[in-house]
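For reference, the structure is listed below as structure tokens.
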Number of protein chains: 2
Amino acid sequence: MDQLEIFKALSNKTRLQILQWLKEPEKHFPPQEHAAFDEVGVCVGQIQQKAGLTQSTVSEYLSILQKSGLLESTRLGQWTYYKRNEEAFAALSNIIKSEI
Amino acid sequence: MDQLEIFKALSNKTRLQILQWLKEPEKHFPPQEHAAFDEVGVCVGQIQQKAGLTQSTVSEYLSILQKSGLLESTRLGQWTYYKRNEEAFAALSNIIKSEI
DNA sequence: TAGGAATATCGGGAAAAGTCGATATATCTT
DNA sequence: AAGATATATCGACTTTTCCCGATATTCCTA
């Protein structure tokens, strides 16, 4: 768990928003065709549309969040789904409470 | 409490170190002349020496940490002392657990 | 009140991050 | 195998951050 990498990942307004959207996907995204929110999360295209940035930028952002450990990704056919890794958030909360 | 501002403040190796040093000042700094660690914290000069960066850079970093709310400062004579604002860390930990 | 010490601020050059369009890759469908 | 669709990567440009030296400010003391 690289703290610095995590804080850098969190240092962007859009990335913070994405994390919050993914907290309650059913509240922020239309139903998906090929997979359930709880299982795999939300696909890149839906997140991109909501973010209002280009596909390449959002793909990059999701990759940053994944590398930091805050998101997990699943490839299903031509779609990549991202969902939160709640353990990572809990661990981060504890690190702030005890280590930092 | 501006989350984005806090995460940006935490996105730097030296600033993270400073926060950790200030967690146990007596362990990381020599005794001070004019004030007690618990009361006001550590003065800029001592932090600067330990950080090994220039005075201007460290002063700037401390200011960033203070503006984010993670540090508090006290001016005593010609010295400015910085110490942690533990409430802010507790609040941040909770925000990560519940909001982000 | 002049000089010295501690800190803050300013201006700038280098490095990193933000963001895009274009292109590559992977997968599905026919 | 070809075309379509979803995502990833690349190259470039702009903005922000990093970090410095120089200078300004504040406060102390002789």
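A note on names: the letters A, B, ... follow the listed sequences, proteins ahead of strands, and every chain is numbered from 1. Given the structure is predicted, the values throughout are model-derived calculations rather than measurements.
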### Task
Starting from the 5' end of DNA chain C, give me the residue, A/Glu60 or B/Gly45, whose nearest nucleotide shows up first.
B/Gly45

#### Entry: Among D/dA8, D/dT17, C/dG18, the nucleotide that comes nearest once only the side chain of A/Arg15 is considered
C/dG18

### Query
In terms of side-chain heavy atoms of B/Asn12, which of C/dA17, C/dA8, D/dC19 is nearest?
D/dC19

### Pairwise distance NZ(A/Lys8) to CD(A/Glu5) - rounded to 0.5 angstrom
8.5 Å

So, is [X] near the phosphate of [N], with a side-chain N or O under 4.0 Å from OP1 or OP2?
X	N	result
B/Tyr61	C/dT7	no
B/Tyr82	C/dA6	no
B/Thr14	D/dC18	no

### Query
Atom CG of B/Leu62 to atom P of C/dT7: distance rounded to whole Å?
10 Å

### Query
Rounding to a whole Å, what distance do you find between B/Leu65:CG and D/dC18:P?
11 Å

### Query
Base, sugar-phosphate, or nothing: which does B/Ser59 touch, judged by heavy atoms less than 4.0 Å apart?
base

### Query
Which part of the nucleic acid, if any, lies within contact of A/Ser63, taking any heavy atom under 4.0 Å across all strands shown: a base, the sugar-phosphate backbone alone, or nothing?
nothing

### Message
Students often mix this up, so state it plainly: with edges at 30° and 60°, are the rings of A/Phe29 and A/Trp21 parallel, tilted or perpendicular?
### Response
perpendicular

## Note on the structure
Its contact letters, B for base, S for sugar-phosphate only and - for none at protein heavy atoms under 4.0 Å, make nucleotides 21-30 of chain D read BB----SS--

#### Entry: CA sep, side-chain torsions, deciding dist, call: B/Ile18, B/Thr14, side chain to side chain contact (heavy atoms under 4.5 Å, CB included)
CA-CA 6 Å; B/Ile18 291 173; B/Thr14 303; 4.2 Å; yes

## Note on the structure
From the list A/Lys67, A/Gln66, A/Glu60, side-chain hydrogen bond (donor to acceptor under 3.5 Å, both in side chains) partner of A/Ser63 resolves to A/Lys67

### Query
Does A/Lys67 or B/Gly52 map to a spot on DNA chain D nearer the 5' end, using the closest nucleotide for each?
A/Lys67

